[in-house]
Amino acid sequence: MRVTPIAIGDPPLLNAAGLHAPYALRTIVELVSDDRITGIGEIPGGSVTLGMLRDARDVVIGHDPFQLNGIKQALVDRFGDGGVSALKDVRPWETARINHVWSAIEVACFDMMGKAIGRPVVDLLGGVVRERVPYSAYLFFKYEGAGGALGFDTDPAATGWAAARQAAALDPEGIVAQARAMCSEYGFESIKLKNGILDPDLEVDSMLALRKAFGPNVPLRIDPNGAWTHATALRCGRRLEGTLEYYEDPVRGQDGMAALKREMPGMPFATNMCTTSYGDIPGSIAKHSEDIILTDHHFWGGLRATLELNRVAATFGRGLSMHSNSHVGISMAAMTHLAAATPMLTYACDTHYPWQSDELLVGGKLPIEGGCARVTREPGLGITLDPVALARLHQQYEDCGLTDRDDAIEMQKREPGWQFKPVRY
Ligand code: GKR
Ligand code: MG
């Protein structure tokens, strides 16, 4: 079992927690069996998860990858609940560290199992319900810059999406230009805009500009990450009634979401913040805090645990979508296998994949065409790790000096004194 932290170039994207650093951190897990079958997994980076994964080697090595229940139990015996993120208030979805650790290992086990029996992971999850998995264009307000080695500089020779990816977008015109370039490159047919940063009315104006530019048939979502008060969210929501496919985390907490929903019964609400684990499901159902849950195998405890949400959604009349963070192709492949096997996951999934140019797969980045990623029929995840690329991205991790994501620190470099506020507007 090899555990490798990597850093991937990431542009200066804005969100309620601050600003993305020039590099996003991920941790890569490789499991190698006695008969030389390799399985790979990817998880958000960070010192706690990295330390736990390194410690998990003693627990994992020697197990049969098909014995997922036994491996999971051994990890729980070793780590308990794995500790809660110090950034719980900033990123409420990142609470149970054991889920991160287990997710990376479980995905690697599934990759090994698939390779051992010559079947894709999606078949081990019950089989294909959709071969082409739709993803949405995930737009961000941003400063100028491409991230990575270019930091906040830009490449003057860039064209098309590569140029738009590095351009500043701080107003409705910038967001529409970003959307046009991303949709024309990848063919996305639905759009999400990250909010909770600028003046809320400017953010709503940006959504309305997208509606005008793309017409009524392109589903639109807005996600202020709970940074709005009830009054702001109600006012902005009213301006967006009839425009949104769903309203993602306008306010914090299940009680806040439920109270807002009662005042906007016609608006579909979605979350990856107030209902983020099975422990939150009773409250979600009792309060009806959202209509759509954004799944995420990195945080819900792996592929099988996330797939089980399908039954919850079917039983209680909820919809499913998918959450994402800056990532490379192992996560992209795992997300696509999972979405291809989840009947209730009918909303286009989020992905940050277009924002990252670094990749560690043989053959480079996985294709997104017509807004969709096609699930492979190749064994396992259907991807191969390029050891040279992995070594380069690990060196990038060593060189960049980052060990944990902290968007507030990055923001303070731009705006000295800037402080994270759970509710800003
Ligand atoms: O990448 O800045 C970001 C997003 O804000 C991310 O951290 C969130 O987890 O994608 C996210 C979401 O809330 O949907
Ligand atoms: Mg969200």
Side-chain angles (χ1 to χ4, degrees), residues 8-26 43-46 85 87-95 99-100 135-143 145 147 165 169 178 182 190-198 203 220-228 233 244-254 256-257 268-277 280 289-300 319-328 331-332 335 347-356 404-411 420 422 424:
I8 54 174
D10 204 23
L13 309 179
L14 287 153
N15 70 108
L19 181 67
H20 285 213
Y23 293 93
L25 307 179
R26 306 292 284 181
I43 196 74
S85 163
L87 288 168
K88 187 172 182 298
D89 199 34
V90 187
R91 302 200 288 265
W93 54 92
E94 288 200 21
T95 50
N99 283 344
H100 298 220
Y135 284 88
S136 61
Y138 196 164
L139 310 182
F140 283 82
F141 292 105
K142 71 179 288 288
Y143 294 127
R165 177 166 56 189
Q178 188 185 97
M182 196 190 269
S190 55
I191 297 176
K192 162 168 168 169
L193 176 61
K194 173 62 56 180
N195 286 86
I197 309 113
L198 307 176
E203 298 190 336
L220 301 178
R221 306 122 181 221
I222 189 170
D223 178 12
N225 280 124
W228 290 350
L244 292 186
E245 179 184 38
Y246 56 68
Y247 203 9
E248 184 175 326
D249 290 311
V251 293
R252 287 200 156 231
Q254 289 183 334
M257 289 279 279
F269 278 51
T271 191
N272 65 277
M273 291 181 73
C274 73
T275 301
T276 59
S277 70
D280 295 325
S289 42
E290 70 281 325
D291 305 288
I292 297 134
I293 298 173
L294 273 72
T295 64
D296 186 331
H297 71 272
H298 307 90
F299 301 127
W300 279 83
L320 296 178
S321 187
M322 192 183 277
H323 167 262
S324 113
N325 279 126
S326 310
H327 63 92
V328 287
S331 282
M332 186 68 190
M335 289 156 72
Y347 292 93
C349 302
D350 289 353
T351 179
H352 288 57
Y353 204 43
W355 289 106
Q356 282 81 50
D404 288 285
R405 177 179 174 182
D406 191 332
D407 291 15
I409 288 183
E410 294 304 318
M411 192 68 164
F420 169 71
R424 186 171 294 277

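Indexing begins at 1, ligand by ligand and atom by atom, following the structure's order. Atoms considered below: every heavy atom in the structure, side chains included; atoms not considered: hydrogens, waters and symmetry mates.
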Enquirer: So for Asn325, does at least one of its heavy atoms come nearer than 4.0 angstrom to any atom of ligand 1?
Expert: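 Contact check Asn325 vs ligand 1: positive.
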
Enquirer: Please calculate the OD1(Asn272)-the Mg ion (ligand 2)-OD2(Asp223) angle and round it to 10 degrees.
Expert: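 Taking the Mg ion (ligand 2) as the apex, the two atoms subtend 170°.
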
Enquirer: Does a donor on one side chain and an acceptor on the other come within less than 3.5 Å for Ser331 and His297?
Expert: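 No, because no side-chain N or O of Ser331 sits under 3.5 Å from a partner of the opposite role on His297.
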
Enquirer: Looking only at distance, does Ser326 have an N or O less than 3.5 Å from an N or O of ligand 1?
Expert: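 In fact, backbone or side chain, Ser326 has no N or O that close.
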
Enquirer: Compare Lys192, Met322, His352, Arg405 and give the one whose heavy atom is closest to atom 14 (O) of ligand 1.
Expert: Lys192

Enquirer: State, yes or no, whether a side-chain contact exists between Ser136 and Asp350 at a heavy-atom distance under 4.5 Å.
Expert: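 When only atoms from C-beta onward are counted, Asp350 and Ser136 do touch, with a gap below 4.5 Å.
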
Enquirer: Nearest N/O/S atom of Glu248 with respect to the Mg ion (ligand 2), by atom name, please.
Expert: OE2

Enquirer: Inspect the contact between Asp407 and Arg405 and indicate whether a charged nitrogen and a carboxylate oxygen are less than 4.0 angstrom apart.
Expert: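 Asp407 and Arg405: salt-bridged.
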
Enquirer: Taking 4.0 Å as the limit for heavy-atom contacts, which would you say applies to Asp249 with ligand 1: side chain only, backbone only, both, or neither?
Expert: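 For Asp249, no heavy atom sits under 4.0 Å from ligand 1.
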
Enquirer: Which of the numbered atoms in ligand 1 are under 4.0 angstrom from any heavy atom belonging to Tyr138?
Expert: 4 (C), 10 (O), 11 (C), 12 (C), 14 (O)

Enquirer: Can you list the atoms of ligand 1 that are under 4.0 Å from a heavy atom of Asn272?
Expert: 12 (C), 13 (O), 14 (O)

Enquirer: As an exercise, identify every atom of ligand 1 less than 4.0 angstrom from a heavy atom of Asn15.
Expert: 2 (O), 5 (O)

Enquirer: Could you grab the distance from atom CD of Glu290 to atom OG1 of Thr271, nearest 0.5 Å is fine?
Expert: 5.5 Å

Enquirer: Does ligand 1 come near enough to Asp407 that some N or O of the ligand is less than 3.5 Å from an N or O of the residue?
Expert: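 By distance alone, the answer is no.
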
Enquirer: May I ask you to test the Met257-Pro250 pair for a side-chain heavy-atom distance under 4.5 Å?
Expert: yes

Enquirer: Under 4.0 Å from ligand 1, counting heavy atoms only, is it the side chain of Met273, its backbone, both or neither?
Expert: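 Looking at Met273 and ligand 1, no heavy atom falls under 4.0 Å.
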
Enquirer: Any side-chain heavy atom of Ile43 within less than 4.5 Å of one from Arg26?
Expert: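 Not touching, per the 4.5 Å side-chain cut-off.
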
Enquirer: Could you tell me whether the side chains of Gln254 and Asp280 share a donor-acceptor contact shorter than 3.5 Å?
Expert: no

Enquirer: Show me which atoms of ligand 1 lie under 4.0 Å from any heavy atom of Asn225.
Expert: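 Once the distances to Asn225 are compared, the set is 5 (O), 12 (C), 13 (O).
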
Enquirer: Need the ligand 1 atom indices (1-based, order shown) with element for anything under 4.0 Å from a heavy-atom of Phe140.
Expert: 1 (O), 2 (O), 3 (C)

Enquirer: Taking the six-membered ring for Trp and the full ring for Phe, Tyr or His, determine whether the centres of Tyr246 and Tyr347 are under 6.0 Å apart.
Expert: yes

Enquirer: Of the side chain and backbone of Ser324, name the one, both, or neither that has a heavy atom under 4.0 Å from an atom of ligand 1.
Expert: backbone

Enquirer: Using a strict cut-off of 4.0 Å, indicate which atoms of ligand 1 neighbour a heavy atom of Asp223.
Expert: 12 (C), 13 (O), 14 (O)

Enquirer: Exactly one of Lys194, Lys192, His323 should register a side chain to side chain donor-acceptor pair (under 3.5 Å) with Glu248. Which one does?
Expert: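 Option passing the side chain to side chain donor-acceptor pair (under 3.5 Å) with Glu248: Lys192.
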
Enquirer: Can a donor-acceptor pair be found, under 3.5 Å and without considering hydrogens, that links the side chain of Asn99 to the backbone of Phe299?
Expert: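 Between the backbone of Phe299 and the side chain of Asn99 there is a qualifying donor-acceptor contact (under 3.5 Å).
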
Enquirer: Return the option from His20, His323, Arg221 holding the heavy atom at the smallest distance from atom 8 (C) of ligand 1.
Expert: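 When every heavy atom of His20, His323, Arg221 is considered, His323 comes closest to atom 8 (C) of ligand 1.
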
